[in-house]
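One structure below.
Basis for what follows: all heavy atoms, side chains included, without hydrogens, waters or symmetry-related copies. Nothing here was measured: the structure is a model prediction, and the numbers come from that model.
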Amino acid sequence: MYFMQPGDVAFSVPNSLVVTLERVLGNETIAELLTTNKLSELACLALYLMYEKKQGKQSFWRPFIRELDRQRGRGQLAIESPLLWSSEELKYFTGSPMKEIVLERSAGIKKEYEELDTVWFMAGSLFKQYPYDIPTEAFPFEIFKQAFVAVQSCVVHLQNVSLARRFALVPLGPPLLSYKSNCKAMLKAVGDFVQLEADREYKAGEPIVVWCGPQPNARLLLNYGFVDEDNPHDRLIVEVSLDTKDPLYQDKRIIAQRNGKLSVQTFNIYIGREKEAIFDMLPYLRLSYVSDPSEMQSVLSSQGPVCPVSPCTERAVLDQLSRYFRDRLAGYLTTASEDEIVLADPTTNAKRQVATQLVLIEKKMLNSCLAAVNEIIDQLPDLAVTPCPSPYSPIMK
């Protein structure tokens with residue numbers, strides 16, 4: 001027997017129990033100014049809750065803050081965001097873009113910490129109730145970082161509300177709810193409440209799931225401490241740029257723009273659609289190899305695995321793509337088969353387990369890309385053709 005049906009309201013939380021910038025700062029103009037200037041909503045919410053925590057039992061939010069402290073920024077799998085991992089633990093991501101993503105986000109949090117005093121001075125009337133020093137004197141960076149990650153792990157992005165209400169901390173929300181990439185249920189602002197409608201049938205005792213938005217696994221792990229192996233939104237990024245030293249650079253840039261591309265172009269490779277991504281990249285790569293201006297337009301309008309460029313140019317393009325994916329795979333510390341062994345080992349610690357899940361999915365996507373390129377190479381009319389040398393081949397990252 002089902003306890004809940006699709007469309008049933010799982011729960012409603014009154015706005016009086018929802019923490020938003022509008023409620024925290026009491027002035028929507030100030031809230032919008034802060035979040036469009038130097039500080040994110042997460043930084044402002046984290047600062048507010050840190051001051052509230054200092055109030056101890058006098059704080060209205062004490063039960064909620066105690067729950068955040070208990071979670072310590074851990075998501076639904078009880079794993080901390082990699083933002084709180086040690087440098088040794090971050091080595092699990094060697095070869096993966098994830099390591100750079102973590103370092104960039106950490107640098108961003110540090111920058112926001114250095115701007116925290118702005119909140120103090122711009123919203124002084126709010127902070128008069130706190131008999132403490134200004135933020136950067138009251139709280140060390142590591143304390144702020146932990147608070148930021150805790151807020152990040154459970155904040156909800158509300159739709160169709162003002163800027164000052166779009167990020168909200170909702171009791172009964174994440175991480176008590178489980179995020180899922182392929183469900184449709186979302187927490188929504190409805191009148192004076194934030195509520196959740198079920199998108200599926202539930203039996204008593206089953207965990208309720210909520211959509212986390214179209215986020216790749218790297219973002220899910222960074223924000224919520226988990227990887228979703230059924231995530232249809234997972235992707236890898238390939239950055240390709242035209243060589244600025246190329247005498248034909250300006251012409252190529254203009255032609256690329258006419259076709260909706262930039263001189264530094266980002267290509268998204270979505271899981272299960274790797275071959276499609278390769279075909280999307282090929283015209284751009286061919287353009288960068290062209291040395292005859294008359295060939296350019298035909299290159300960018302071409303479709304399919306073979307283009308009306310010289311056979312040696314086509315082979316050079318495909319060889320560079322193949323080499324690029326092989327190099328990315330070689331950058332990991334382990335092979336896919338070794339990852340499978342790590343995941344099957346019950347003694348593997350939780351952080352290594354989830355990091356291995358992430359890198360294994362990345363390797364599978366890269367191997368699929370490599371297989372697609374090799375398939376195109378096998379379709380070439382003459383496999384004996386030697387790739388043309390090119391002094392201005394594209395830069396791939």
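The hydrophobic cluster containing Leu360, built from Ile/Leu/Val/Met/Phe/Trp/Tyr side-chain heavy atoms closer than 4.5 Å, also comprises Leu343. Under a 4.5 Å side-chain heavy-atom criterion applied to ILVMFWY residues, the cluster that includes Val190 comprises that residue alone. Through direct or indirect side-chain contacts shorter than 4.5 Å among Ile, Leu, Val, Met, Phe, Trp and Tyr, Trp211 is connected to Met186.
Here Cys183 pairs with nothing under the disulfide bond (SG atoms under 2.5 Å apart) rule; sequence neighbours left out. Residues satisfying the salt bridge (charged side-chain N to carboxylate O under 4.0 Å, His left out) test with Arg323, not counting sequence neighbours, are none. Residues passing the salt bridge (charged side-chain N to carboxylate O under 4.0 Å, His left out) test with Lys351 are Glu80, Glu89, sequence neighbours excluded. Residues meeting the salt bridge (charged side-chain N to carboxylate O under 4.0 Å, His left out) test with Asp199, sequence neighbours left out: none. Applying the salt bridge (charged side-chain N to carboxylate O under 4.0 Å, His left out) test to Glu229 and every residue at least two apart in sequence or in another chain returns nothing.
Between the side chains of Asp230 and Asn182, no donor N or O sits under 3.5 Å from an acceptor N or O. For the residue pair Arg166 and Ser162, no side-chain donor N or O sits within less than 3.5 Å of a side-chain acceptor on the partner.
For the side-chain contact (heavy atoms from CB on, under 4.5 Å) criterion with Tyr392, the lone passing option out of Leu248, Asp246, Leu242 is Asp246.
Sequence neighbours left out, not one pair with a member in residues 226-255 passes disulfide (SG to SG under 2.5 Å). Residue pairs meeting the disulfide (SG to SG under 2.5 Å) criterion with at least one member in residues 248-283: none, sequence neighbours excluded. Among pairs with a residue in residues 267-277, those fulfilling side-chain hydrogen bond (donor to acceptor under 3.5 Å, both in side chains) read Lys275-Glu375, at least two apart in sequence or across chains. Sorted by first and then second residue, the disulfide (SG to SG under 2.5 Å) pairs involving residues 333-370 (not counting sequence neighbours) form an empty list.
Other residues, nucleotides and ligands place more than 12 heavy atoms under 6.0 Å from the CZ atom of Arg253.
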Would you sort out whether Trp61 and Tyr51 count as a ring-ring contact (aromatic ring centres under 6.0 Å, His included), showing the intermediate values?
CA-CA 11 Å; Trp61 300 108; Tyr51 275 117; over 10 Å; no
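Within the 3.5 Å criterion, the main-chain N or O of Ala256 finds no donor-acceptor partner in the side chain of Asn259.
Ring to ring, Tyr284 and Phe267 are close: their centroids are under 6.0 angstrom apart.
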